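Notes to accompany the following structure.
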Amino acid sequence: LVFGEHDEGVASVLQYMGFIEFRVGNHERARDLLMEFIRIRRDNDNKSDGDYVNVLFTIGNIHRVQGNEQEAWQCWSEAHEVFKVLGLDETNPKTAKIMHHLLKMDAKDGDDDDKKK
C-alpha cells in the first residue's frame, strides 16, 4: 500500500511533525505522533537506525517532563539498547555517555523512591 498504515514515508512525516510539536511545547501531540512513528517501525521490523533511537529518546524525555518516570526509563532503556546494537555508542561517545547517565540517574531515583515507601 502506498501511504498505508505501515508506510515508511508516513513514519518520516510523523517523526518530523512530532519533533515540531515537541519544540513548541505540545508534548501530548508530540508523543502521539512519535509513538505512531515507533508503531510503524516496529510493525515493519525496522529499528535499525538513529532515527528510531532518537524518537524513542525524545518520547522518554516527554514522559519525564510529564512525570511518567517508568515510561521514560523504558523508552530510554530501549533507545540505549538499540544504540549499542547499532554500534552507535562507538561513533557517538558523548551521546552514549548522556544516555548511560540518564539510565543510571533514573535507576538511582527509583531506588530512592523505594526507600521512601
Side-chain angles (χ1 to χ4, degrees):
L1 285 173
V2 176
F3 302 118
E5 68 179 88
H6 301 290
D7 188 275
E8 290 290 332
V10 172
S12 295
V13 171
L14 291 167
Q15 176 187 12
Y16 182 74
M17 291 171 55
F19 284 142
I20 289 172
E21 294 291 345
F22 180 73
R23 286 185 188 117
V24 299
N26 295 331
H27 295 148
E28 284 286 324
R29 179 76 176 136
R31 190 191 70 226
D32 292 346
L33 291 165
L34 296 174
M35 285 301 298
E36 187 62 12
F37 168 92
I38 293 297
R39 184 200 60 78
I40 291 170
R41 285 296 193 86
R42 286 177 177 161
D43 286 353
N44 291 334
D45 197 28
N46 183 10
K47 305 177 191 178
S48 61
D49 66 12
D51 287 341
Y52 185 84
V53 171
N54 195 22
V55 168
L56 265 178
F57 190 77
T58 301
I59 294 169
N61 291 340
I62 293 168
H63 281 302
R64 181 73 179 257
V65 166
Q66 295 176 330
N68 303 321
E69 301 296 325
Q70 183 63 32
E71 291 88 347
W73 190 87
Q74 288 172 341
C75 289
W76 292 336
S77 181
E78 183 182 349
H80 188 245
E81 188 60 36
V82 174
F83 191 77
K84 290 188 311 185
V85 167
L86 295 175
L88 296 173
D89 54 336
E90 296 168 10
T91 57
N92 300 285
K94 287 183 181 178
T95 303
K97 186 175 181 178
I98 290 167
M99 293 175 88
H100 181 71
H101 177 73
L102 276 173
L103 288 169
K104 187 176 176 182
M105 181 180 72
D106 205 59
K108 183 179 182 275
D109 288 347
D111 290 345
D112 291 343
D113 290 344
D114 290 342
K115 290 176 186 174
K116 292 176 187 176
K117 292 180 181 178

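Note that the coordinates shown come from a computational prediction; the quantities given were computed from them, not determined experimentally.
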message = Lys84: which residues meet the salt bridge (Lys or Arg N to Asp or Glu O under 4.0 Å) condition with it, sequence neighbours left out?
response = Glu81

task = Heavy atoms only: give me the nearest Leu88-Gly50 pair and the separation to one decimal.
result = CD1-CA, 4.2 Å

request  = Please round to the nearest 0.5 Å and tell me the distance separating atom CD of Gln74 and atom CG of Asn68.
outcome  = 10.5 Å

inquiry  = Using side-chain heavy atoms (C-beta onward) and a distance below 4.5 Å, is Phe83 in contact with Met99?
reply    = yes

ask   = Which residues pass the side chain to side chain contact (heavy atoms under 4.5 Å, CB included) test with Ser48, sequence neighbours left out?
value = Asn46, Leu86

request  = Check salt bridge (Lys or Arg N to Asp or Glu O under 4.0 Å) between Glu8 and all other residues, then give those that pass, not counting sequence neighbours.
outcome  = Arg41

query = Rounded to the nearest 0.5 Å, how far does CD1 of Ile59 lie from CD of Glu78?
reply = 9.5 Å

query = Is it the case that one hydrophobic cluster holds both Leu33 and Val13, taking links as side-chain heavy atoms less than 4.5 Å apart, direct or via other members?
reply = yes

query = side chain to side chain contact (heavy atoms under 4.5 Å, CB included) with Ile98: which residues, sequence neighbours excluded?
reply = Phe57, Leu102

ask   = Where do Cys75 and His63 come nearest, in terms of heavy atoms and distance?
value = SG-CD2, 3.9 Å

query = Are Trp73 and Arg64 side-chain neighbours, meaning at least one heavy-atom pair lies under 4.5 Å?
reply = no

inquiry  = Looking at every heavy atom in both Gly18 and Ala30, which two are closest together, and how far apart are they?
reply    = O-CB, 3.3 Å

request  = Any chance you could pull the hydrophobic cluster mates of Val65, using side-chain heavy atoms under 4.5 angstrom and chaining through other members?
outcome  = none

note = Sorted by chain and residue number, the ring pair (Phe, Tyr, Trp, His ring centres under 6.0 Å) partners of His100 (sequence neighbours excluded) come out as none

message = Is the shortest side-chain heavy-atom distance between Trp76 and Asn61 below 4.5 Å?
response = yes

query = Does Tyr52 have any ring pair (Phe, Tyr, Trp, His ring centres under 6.0 Å) partners at least two apart in sequence or in another chain, and if so, which?
reply = none

request  = For residues Asp7 and Ile40, determine if any side-chain heavy atom of one lies less than 4.5 Å from a side-chain heavy atom of the other.
outcome  = no

ask   = With sequence neighbours left out, what residues match Glu21 under side chain to side chain donor-acceptor pair (under 3.5 Å)?
value = Asn26

query = Pairs in or reaching into residues 24-37: which pass salt bridge (Lys or Arg N to Asp or Glu O under 4.0 Å), with residues at least two apart or in two chains?
reply = Glu28-Arg31, Glu36-Arg39

task = Return the set of residues passing side chain to side chain contact (heavy atoms under 4.5 Å, CB included) with Thr58 (not counting sequence neighbours), or none when no residue passes.
result = Phe19, Phe22, Leu34, Asn54, Ile62

message = Do Leu56 and Ile38 make a side-chain contact, defined as non-hydrogen atoms from C-beta onward lying under 4.5 Å apart?
response = yes

